[in-house]
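Worksheet: the structure to be examined is printed underneath.
Just follow the structure's listing: the first ligand is 1, and inside any ligand the first atom is 1.
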Amino acid sequence: MKKKLIRSTSEHFEKILQKTPDYIFLSPGRINIIGEHIDYNDGFVMPAAINKYICFAVSKNEDSRCMLIAKDLNETYEFDLKDELKPVDKMWANYILGVLHHLKNKGSIMGGFDVVFSSTIPMGAGLSSSAALECGIGYAMNALFDLGLTKEEIALIGQKAEHTFAGVNCGIMDQFASVFGKKNSVIKLDCTTLEYKYYKADFKKYSLLLLDSNVKHTHLTSGYNVRRQEVELGLAIIKQHFPEVRTFRNCTENMVLELKDVLGETVFRRCQFVVKEIQRVLDAAEALSNSDFKTLGRLMSETHQGLSKDYEVSCDEIDFLVDAVSSEKSVLGARMMGGGFGGCSINLIEKGAENELIERVSKQYRDAFGIQLKPYKIKISKGTTLYKE
Ligand code: GLA
């Protein structure tokens, strides 16, 4: 699949630009084992890059003009790098323009280039195709124009682009996972310091299965930004009452409970979720190192309940998919993954039991919602790379 993607992207470049591309880059999507909606709450997350990619075929040109060609959408966007870059009405172009804008602001000197890109990361499925796009372009600019950026800087610029050109006030998880992904490894990332540690992604007799609800997360931007405001408000209140608290990291469940009335029902539940989820990731990392998959699965399922009932970022379709596997012996844990409001559930399932489960749940899902379920069996792979020079 990767080879096919590279070939078709490259051929498209040759067809349109009448030359072979100088470089090919691959930038992956990501999964997240556990630690949802806490990257912007000073928590820890456990993402990994997967074998679904955006492929970029790129060459420098002789002037300052750039041509961006989105092969899958059959759309092109042209601009001059010398002009001030602003968000436009083509969303996909904004992810790229945002990265270029922030690179320019940082003083990076770039020249014109042409790029064709094509993807096997489904869009709007919670697998971070936008982070893959941002990081792929950042990585490509770094290589083409020798910008001397670190991987961390590439991830941070991608995040900035998302904030300013896409309007989603996201955390750092997606961009970090896309750039720092490592084959067969899960990253445990401390979102406060950006320190990270790789854990062997050896699930022994279990595997990770994604079930794509096929519900595109259209409310993600608004819902996501509102959640951020709610927890920021919650933390400010908690700090007033407990001055020793600096972040959610050193806030306890009891403190939140004590302030229930002051926080109000909604903000209380949001904060309670955050504090519990931070602890769950620490427990999950330990469970993974001990190959204690029963515990890992249980924690994943607890996360889902929190995301659905307290943080309220799930939706009926995803709740249905999680419920549908909850009494399955072969499934140790399941939960919604990513920003929510649609997208995929992630399931820790016994190897060999996948096909039967997919068949059964697909039928139940179709009967309930009239929507076709899309299953993805994924492999954990490496982060953004230069494939060919
Ligand atoms: C989106 C954001 C991430 C993270 C997740 C939820 O994917 O881009 O920063 O907050 O949602 O965990």
Side-chain angles (χ1 to χ4, degrees), residues 27-50 52 91 94-95 98-99 121-135 152 155-181 186-192 194 196 210 212-213 215-232 248 270 273-274 276-278 280-281 284 299-300 302-304 306-308 310-315 318 335-346:
S27 195
R30 65 103 190 88
I31 52 165
N32 185 25
I33 309 289
I34 198 163
E36 218 63 271
H37 281 273
I38 54 169
D39 54 350
Y40 56 88
N41 280 315
D42 290 298
F44 303 87
V45 291
M46 287 188 75
I50 55 170
K52 292 191 178 293
M91 200 51 196
N94 283 334
Y95 299 114
V99 169
I121 311 172
M123 278 192 333
L127 299 180
S128 295
S129 55
S130 60
L133 190 50
E134 292 148 2
C135 295
E152 190 179 301
L156 287 167
I157 283 174
Q159 182 195 23
K160 246 190 193 176
E162 187 95 26
H163 288 184
T164 51
F165 277 58
V168 182
N169 249 331
C170 66
I172 189 64
M173 171 169 79
D174 304 348
Q175 291 80 7
F176 201 94
S178 191
V179 177
F180 283 86
V186 169
I187 310 166
K188 180 182 155 212
L189 171 65
D190 178 335
C191 300
T192 311
L194 296 190
Y196 61 98
L210 305 182
D212 185 349
S213 65
V215 174
K216 303 288 168 212
H217 51 203
T218 41
H219 300 302
L220 181 62
T221 309
S222 54
Y224 192 96
N225 293 345
V226 169
R227 289 300 170 280
R228 271 203 87 150
Q229 287 161 8
E230 289 166 342
V231 283
E232 271 162 25
F248 275 114
R270 307 290 191 251
F273 167 78
V274 170
K276 285 187 178 170
E277 183 72 352
I278 291 179
R280 267 194 292 265
V281 180
L299 292 164
M300 288 167 67
E302 283 175 18
T303 291
H304 182 76
L307 288 165
S308 173
D310 294 330
Y311 218 67
E312 293 181 284
V313 287
S314 186
C315 60
I318 294 280
R335 63 177 201 82
M336 62 144 266
M337 191 183 73
F341 304 97
C344 291
S345 70
I346 177 167

Residues at least two apart in sequence or cross-chain that pass side chain to side chain contact (heavy atoms under 4.5 Å, CB included) with K160, listed by chain then number, are H102

For the residue pair T303 and R280, confirm or rule out a side-chain donor-acceptor distance under 3.5 Å.
yes

Under 4.0 Å from ligand 1 - residues by heavy atom, chain and number
R30, E36, H37, D39, Y40, C170, G171, M173, D174, Y224, G338, G339

Checking S128 now: which residues fulfil side chain to side chain contact (heavy atoms under 4.5 Å, CB included) with it, not counting sequence neighbours?
R30, A131, D174

Could you report the tightest heavy-atom contact between A132 and S178, atom names first, then the distance?
CA-OG, 3.7 Å

Can you classify the ring geometry of Y224 versus H37 as parallel (below 30°), tilted (30 to 60°) or perpendicular (above 60°)?
tilted

Applying side chain to side chain contact (heavy atoms under 4.5 Å, CB included), can you list everything that pairs with S345, at least two apart in sequence or on another chain?
L211, L321, V322, N347

